[in-house]
Amino acid sequence: MSQTYLFKRTEGLQDAPTSFCPGCGHGILLRLVAELVWELGLRGRTVGVAPVGCAVTAYDYWNFDVTEAAHGRAPAVATGIKRVHPDRLVFTYQGDGDLAAIGTAEIVHAANRGENLTTVFVNNAVYGMTRGQMAPTTMLGQKTTTTAAGRDPRQHGYPLRVCEMLAGLDGVVYLERLALSDPASVRRIKAAIRKGFECQLSGQGFSLIEVLSPCPVNWNLSPVDSLTYVREVMSPVFPPGVIKDRTCQKPAPGV
Amino acid sequence: MKDFIEGSDAVARAVALCRPGVISAYPITPQTHIVEFLASMVADGKLKSQFINVESEHSAASLVLGASAAGERVFSASSSQGLILMSEVLFNIAGMRMPVVLACVNRALSAPINIWNDQQDSMAVRDSGWIQLYAETGQECGDLIFQAYRLAESPEVRVPVMVCLDGYLLSHGLEVVDVPEAAEVDKFLPPYRPTEKLDPAVPMTFGPLAGPDYYLEIRHDLHAAMRGALKLIPSIAADFSRQFGRNSGGLVEAYRLEDAELAIVAAGSVCGTIKEAIDALRQEGVKAGLLRLVTYRPFPEEAVSAALAGVGRVAVLDKAISLGATGPIYADLATALVRGKHQARVNGYIAGLGGRDITIETIREIFTRLSGEEVSAGFVGLKG
């Protein structure tokens, strides 16, 4: 009797149990990256750079080469790899604690140099790994373990909009923000990451895909309510959409 | 008041009782609880202090440097990679003679990434000009904070102090801790009144360029202040003991050393395990003892040398290594014993890196190996 698989693990992922909390967005996003590496036929040509934070053990899941970087320094490490191996797909996968806090300088300067890299930026508005302290991306009024009374802009400043900050840099080719809030959004996110990878493969330059991603445990919400939170609370502060797109169909000159 | 709390809580409550005006830190495992406890106290109005979230440890250290220069009592805490990221600023804080107190929750360094305990992080910044104190128990975690502020702010010292506590073992381990009343702490620790601070009425520059003509003298002054602290540390510990009725801090602690033939030298929470092992060995007729280093920088050469007089064989247990050489405590201890004209045979052992358990059996193994091969950096418990 023949069997029909409706759903199975992509070969881009190893057969490993996940360490993520129930309802976390990382499982979906790591899988999308893995699917794309296989679908684009880039097995053996891909190098990922993992962050410090919840996705620190990405190499336990992805079935391709991954290197670790010091906290926030993934774009600099990726620059080193890509300059040595310009024919590889080199990307960073970073959370908001890694990219928008400790590593702000590295992402700004990799983008400003126009490095031919792709960054998948997972924004869940808290430091997840250390269990829910305020991040620069935390919502105003959001209660965290270091803002017990809620984030107060007079004390803690405002949510940092990374895409808008990078949009003004001439080295940046493609920036898109998406909200991981329902099944349809998963497909849109995959398409956006694919576009980022293709932007790099055609030598066009720096791209970053920001995903607003649920963190039920540190938000103290159920997984379902977290998806609503992404849609109704995070999305107005971090408006989804294409922030910048200077990609062209043809490869850039000289590539 | 006695309470059953973790070492992180003991640190946070002690810091709150010292009432720093500014606290800044970046969360890192396993230091995070200290930061969270302090943030909660500020949010609940129990601690009148500015708690400032910043984007990295480098910024946290820089921020408390600025606040200290402006004349405030300050606090920060870090661990492992965070402490190493701070290291540029740690040298600045010491060089500018800012009496900053920082809790280092000891954790291994990358790579490979490892979140468990050893003492490589604080040992790696031992030359930064910070006094380093190592706690053995949850009680001492808090007690050393009070003594650290008193020491750092003493006009004759004015050097930053790092209170080191072993990650998880102390930071997350629950113990009965006696938390003193505020009035008691106020009697022990006077309000901070800096003799020099940034004040437009009395213009002053901190950390200006110093060329070959004076840099040497400024470094000498810092070294002399550190050496001077060797006199003050025991007197502060004695004051503490008189007021609070328990012994904490000081330069070293000698445990069953009076008639010891064999001794281990170590720092931190592992000393509790060593004491248990020694009690067992003593019952078996082995004359073993422990010299616990509470103060590692400045290195208490004379106290170490005096405490180990008459001990024939000394094992140094380092939970860190200066790769390609020896454990850091071994190197300092061997120097001290040579200068003290000791005849003792000194072996160095490396154990517990990256959180590998050090049990009573590990300590027994070290005592056994002490009678065998001479080693300066013998790894204990190494898998084949």
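Values below: every heavy atom of this structure, side chains too, minus hydrogens, waters and symmetry copies.
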Is chain A contacted by the side chain of B:I113, its backbone, both, or neither, given a heavy-atom distance below 4.5 Å? side chain
Can you tell me which portion of B:L85 sits under 4.5 Å from chain A's heavy atoms? Options are side chain, backbone, both or neither. side chain
Scan the chain B/chain A interface and emit each donor-acceptor pair under 3.5 angstrom with its distance.
unit_1: B:Y26; atom_1: OH; unit_2: A:G97; atom_2: O; d: 3.3
unit_1: B:E36; atom_1: OE2; unit_2: A:Q133; atom_2: NE2; d: 2.4
unit_1: B:E36; atom_1: OE2; unit_2: A:T145; atom_2: OG1; d: 2.9
unit_1: B:E55; atom_1: O; unit_2: A:I102; atom_2: N; d: 3.0

When B:G82, B:P112, B:P27, B:A43 are compared by non-hydrogen pairs under 4.5 Å with chain A, the top option: B:P27
So for B:V42, is it side chain, backbone, both, or neither that comes closer than 4.5 Å to the heavy atoms of chain A? neither
